[in-house]
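Reading through the structure tokens given below for one structure.
Every heavy atom of this structure was used, including side-chain atoms; hydrogens, water molecules and symmetry mates were not. Counting starts at 1 for both ligands and their atoms, following the listed order.
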Amino acid sequence: MSNDATNHFVPVAAELLDVIVETPTIRTFVLRPARPLRFRAGQFVQLELPGLGEAPFTPSSSPQEPERIEITVLRTGLVTDALHRLEPGARLGLRGPFGRGYPVRRFPGQDVLVVGGGVGLAPLRSLLHHLFADPQSARRVSIQYGARSPAELCFRRQYDDWARRDRVTFRATIDRPHDDWDGHVGLVTTLLDDLDLDPATTYAVSCGPEVMLKFVAWKLRDIGFPAERIYLSMNRSMSCGMGLCGRCNIGPYYLCKDGPDLCYADIEDIPYALG
Ligand SMILES: Cc1cc2nc3c(=O)[nH]c(=O)nc-3n(C[C@H](O)[C@H](O)[C@H](O)COP(=O)(O)OP(=O)(O)OC[C@H]3O[C@@H](n4cnc5c(N)ncnc54)[C@H](O)[C@@H]3O)c2cc1C
Ligand code: FES
């Protein structure tokens, strides 16, 4: 469930330090928890707005900075709407961390392919922080990212920095042609046609809308990736976050406990696992 002995029913108080506008519908909330909140890349927290409710989010910040948690949120409904209206100084609560996180122990000596769609790049950014911090954490990192339009590209301010790094390739695409964009056009799966990677020595990790995950998994299988080397972030609705309520199961797996990143080999044969 977690990596320490904290009581995960009780939220840790957190102060909102800053709000960064990423796109018209996505904001990053910079939080200072009352005590350091240690997490592994890919683990998630339940973010509580006192008096309103809570929702699960995977921090987009570095696991090496547990005293400063960033959470990047797409506005979609009750809790996220209210979050988007908050200003620095607001008080929130954090429960967790929950889930297993990305299988980073498998990555040293391997290439890592990161495939993101829309706000799905947010959970993957904590993995990028992990991979960038230690040259031994992986051999090469290939980031392939898609959004609907130029305005919806999340973390655009950081792409130059990512692309300039040794061992790192970064490419972005938008779904349809746009006057403000002279880069690649097409769904994110079209970026996977000409990868300079050997599927036998690469792990692929993907996060985005579930329909995108399905097509990414199929495409990766088509170009030779073994299902054992594909991990998908299944960010479905959750409740308890601790394997108690049964709200988040796919076959025998509880996403909150066994995920939210599942190995495709484990779910490939489960009917409707990806919708
Ligand atoms: C492990 C995990 C990590 C997540 N990480 C992030 C993150 O880093 N950034 C981010 O923006 N979102 C993330 N999400 C999704 C986020 O939790 C939902 O967007 C949020 O719960 C919506 O709450 P709401 O009250 O604003 O919307 P609601 O009022 O509950 O719902 C509004 C609409 O959003 C849909 N919706 C609700 N929950 C989800 C969901 N989990 N996935 C897709 N659609 C949903 C509903 O069906 C409805 O159509 C994550 C979800 C999980 C399970
Ligand atoms: S959210 Fe309750 S069992 Fe997973």
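Taking any N or O of Leu74, backbone or side chain, at least one lies under 3.5 Å from an N or O belonging to ligand 1. Below 3.5 Å of separation, one finds no N or O of Val119 facing any N or O of ligand 1.
Look at Arg35 and Glu67 and you find no salt bridge, because none of the NZ, NE, NH1 or NH2 atoms lies under 4.0 Å from a carboxylate O. Using a cut-off of 4.0 Å between Lys/Arg side-chain N and Asp/Glu carboxylate O, Arg95 and Glu54 are scored as salt-bridged. Ion pairing between a basic and an acidic side chain is recognised when a charged N comes within 4.0 Å of a carboxylate O; Arg139 and Asp198 show no such pairing. The pair Asp161-Arg165 meets the salt-bridge criterion, since a charged nitrogen lies less than 4.0 angstrom from a carboxylate oxygen. Contact check on Glu70 versus Arg125 returns a salt bridge, with a Lys/Arg side-chain nitrogen under 4.0 Å from an Asp/Glu carboxylate oxygen.
Atom 50 (C) of ligand 1 has its closest protein heavy atom at Pro56 O, 3.2 Å. Counting only heavy atoms of the protein, atom 31 (O) of ligand 1 lies nearest to Gly77 CA, 4.3 Å. Scanning all protein heavy atoms for the shortest distance to atom 39 (C) of ligand 1 gives Ser237 OG, 3.8 Å. For atom 42 (N) of ligand 1, the nearest protein heavy atom (residue, atom name, distance) is Asn235 O, 3.1 Å. For atom 20 (C) of ligand 1, the nearest protein heavy atom (residue, atom name, distance) is Ala55 CB, 4.0 Å. Summary of contacts: the protein heavy atom closest to atom 53 (C) of ligand 1 is Arg236 O, 2.7 Å. The single protein non-hydrogen atom nearest to atom 13 (C) of ligand 1 is Phe57 CD2, 3.6 Å, given as residue, atom name and distance. Closest to atom 25 (O) of ligand 1 among all protein heavy atoms lies Val79 N, 2.9 Å.
Because the distance cut-off is set at 2.8 Å, Cys240 qualifies as a neighbour of atom 2 (Fe) of ligand 2 through one of its N, O or S atoms.
At least one donor-acceptor pair closer than 3.5 Å links the side chain of Gln46 to the backbone N or O of Ser239. Panel note: side chain Arg167, backbone Val141; no donor-acceptor pair is recorded below 3.5 Å. No side-chain donor-acceptor contact under 3.5 Å links Gln158 to the backbone of Phe155. Checked by atom type and distance alone, the side chain of Arg27 pairs as donor or acceptor with a backbone atom of His84 at under 3.5 Å. Side chain of Arg148 to backbone of Glu152: no donor-acceptor contact under 3.5 angstrom is found.
Taking every non-hydrogen atom of Gly246 and a distance limit under 4.0 Å, the qualifying atoms of ligand 2 come out as 2 (Fe), 3 (S). In the vicinity of Ser239, heavy-atom distances shorter than 4.0 Å reach the ligand 2 atoms 1 (S). Heavy-atom contacts of Val73 reach the following atoms of ligand 1: 11 (O) (cutoff under 4.0 Å). Atom numbering of ligand 1 starts at 1 in the shown order; those under 4.0 Å from a heavy atom of Leu78 are 24 (P), 25 (O), 26 (O), 27 (O), 29 (O). With ligand atoms numbered from 1 in the order given, ligand 1 contributes 1 (C) to contacts under 4.0 Å with heavy atoms of Phe44. Here is the list of ligand 2 atoms found below 4.0 Å of a heavy atom in Cys245: 1 (S), 2 (Fe), 3 (S). Per-residue contacts place Met238 under 4.0 angstrom from the following atoms of ligand 1 (heavy atoms of the residue considered): 1 (C), 53 (C). Contact atoms of ligand 2 toward Gly243: 3 (S) (distance under 4.0 Å to a heavy atom of the residue).
In the candidate list Leu255, Thr80, Leu47, Thr80 is nearest to atom 23 (O) of ligand 1, counting heavy atoms. Nearest to atom 33 (C) of ligand 1 by heavy-atom distance, out of Leu49, Thr76, Asp81, Val45, is Thr76.
Between Arg100 and Pro260 there is no side-chain heavy-atom pair separated by less than 4.5 Å. At least one side-chain heavy atom of Leu195 sits under 4.5 Å from a side-chain heavy atom of Gln144.
Geometrically, Arg221 does not engage Tyr264 in a cation-pi contact defined by less than 6.0 Å to the ring centre and at most 45° from the axis.
Cluster annotation: Val30 and Val73 are assigned to distinct hydrophobic clusters (Ile/Leu/Val/Met/Phe/Trp/Tyr, side-chain heavy-atom contacts under 4.5 Å, transitive).
Residue Arg75 does not touch ligand 1, judged by heavy-atom distances below 4.0 Å. At a 4.0 Å heavy-atom cut-off, ligand 2 touches Leu244 through the backbone alone. Residue contacts with ligand 1, taken as heavy atom pairs separated by less than 4.0 Å, involve Thr72 solely via the backbone atoms N, CA, C and O.
In this pair, Trp162 and Tyr159 present their aromatic rings tilted. The plane angle is within the 30 to 60° band.
Rounding to 10 degrees, one finds that atom 4 (Fe) of ligand 2 sits at the corner of an angle of 100° between Cys248 SG and Cys256 SG.
The nearest protein heavy atom to atom 4 (C) of ligand 1 is closer than 4.0 Å. Distance check for atom 27 (O) of ligand 1: a protein heavy atom is found below 4.0 Å. In this structure, atom 48 (C) of ligand 1 has its sub-4.0 angstrom surroundings free of protein heavy atoms. Atom 44 (N) of ligand 1 is not flagged as protein-proximal [any protein heavy atom, distance under 4.0 Å].
Judged by distance alone, the side chains of Gln110 and Arg229 do bring a donor and an acceptor atom under 3.5 Å apart.
Atom CG in Leu255 sits 8.5 Å away from atom CD1 in Ile267 (nearest 0.5 Å).
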